[in-house]
Amino acid sequence: MRRLSAYFWQRVLLRLLAAVGIWGGALMVLSFAKSPAFWPQTVGIPVFVVGVVGTLVVFAPMAWSRNAEELDGFTTLNGYARNLEQRDPYSGSVIREAGAPFLDSATFKALIAESKKAVRGAR
């Protein structure tokens, strides 16, 4: 079984952070609005705390995957560790040699989209 890449965990973490931020903003607005007092306390705050804890829990596998990739001599994260070769998180092929300039965001997104289509088409 192939381990999940640091790129995968980074995407999960970013989505969780966005959800926690939106939920926190909603709680802030609800705390100023005239809403039933029990709603933010009984539902909102526990869900926010679970989101924060979930974000911390997801950070650990991301760090482990990133460190394992570094030990193996590559990275799947764009803009991280110029001294390592960068591999495509889906196919595993090299998309940037070690020491080469980082890929710009648009190029990286295009390569990922193509790779994702190719891997899904192969299944």
Side-chain angles (χ1 to χ4, degrees):
M1 185 170 105
R2 206 177 100 191
R3 78 170 174 252
L4 295 171
S5 68
Y7 174 80
F8 169 82
W9 289 112
Q10 181 186 47
R11 302 298 300 170
V12 170
L13 185 64
L14 290 175
R15 288 183 178 131
L16 270 172
L17 284 173
V20 166
I22 290 168
W23 192 255
L27 278 175
M28 184 181 70
V29 169
L30 283 173
S31 70
F32 291 114
K34 293 193 178 207
S35 63
F38 70 91
W39 192 88
Q41 294 170 358
T42 59
V43 177
I45 293 173
V47 170
F48 181 74
V49 169
V50 167
V52 170
V53 170
T55 300
L56 294 174
V57 167
V58 169
F59 184 77
M62 185 196 135
W64 291 328
S65 293
R66 187 186 64 215
N67 290 340
E69 288 177 358
E70 283 184 41
L71 290 173
D72 291 341
F74 70 94
T75 185
T76 55
L77 301 173
N78 193 32
Y80 177 76
R82 183 177 232 151
N83 61 333
L84 300 174
E85 69 181 19
Q86 184 176 354
R87 292 189 187 173
D88 185 289
Y90 295 100
S91 67
S93 61
V94 176
I95 56 176
R96 181 185 59 82
E97 293 294 331
F102 293 127
L103 300 173
D104 62 279
S105 182
T107 304
F108 181 69
K109 286 179 182 177
L111 287 170
I112 295 300
E114 289 175 23
S115 176
K116 199 184 291 188
K117 282 183 196 175
V119 168
R120 287 185 180 165
R123 288 183 187 172

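Side chains included, hydrogens not; waters and symmetry mates left out as well; all remaining heavy atoms used.
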How long is the gap from [atom1] on [X] to [atom2] on [Y], to the nearest 0.5 Å?
X	Y	atom1	atom2	answer
Tyr90	Arg120	OH	CZ	6.5 Å
Met62	Asn67	CE	CG	9.5 Å
Trp9	Leu16	CH2	CG	10.0 Å

Q | Short side-chain to backbone donor-acceptor contact, Thr75 and Leu84, under 3.5 Å | A |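 Absent.
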**Q.** Polar side-chain atom of Ser65 near backbone of Leu4 as donor-acceptor pair, under 3.5 Å
**A.**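 Indeed, once roles are kept as given, a pair shorter than 3.5 Å links the two residues.
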**Q.** Residues Leu13, Leu17; criterion side chain to side chain contact (heavy atoms under 4.5 Å, CB included); working and verdict
**A.** CA-CA 6 Å; Leu13 185 64; Leu17 284 173; 4.3 Å; yes
Q) For residues Tyr7 and Gln86, is any side-chain donor paired with an opposing acceptor at under 3.5 Å? A)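 No.
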Q. Using a distance-only test with no angle check, is there a side-chain donor-acceptor pair under 3.5 angstrom linking Glu69 and Thr76?
A.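 Side chains of Glu69 and Thr76: pair found under 3.5 Å.
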Nearest heavy-atom neighbours spanning [X] and [Y]:
X	Y	answer
Leu111	Asp88	O-OD2, 3.9 Å
Arg96	Arg82	NH1-O, 3.4 Å
Gly24	Phe48	CA-CE1, 3.7 Å

Q: Answer whether the closest heavy-atom distance between the side chains of Phe108 and Ile95 falls below 4.5 Å.
A: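 With C-beta onward as the side chain, the pair touches.
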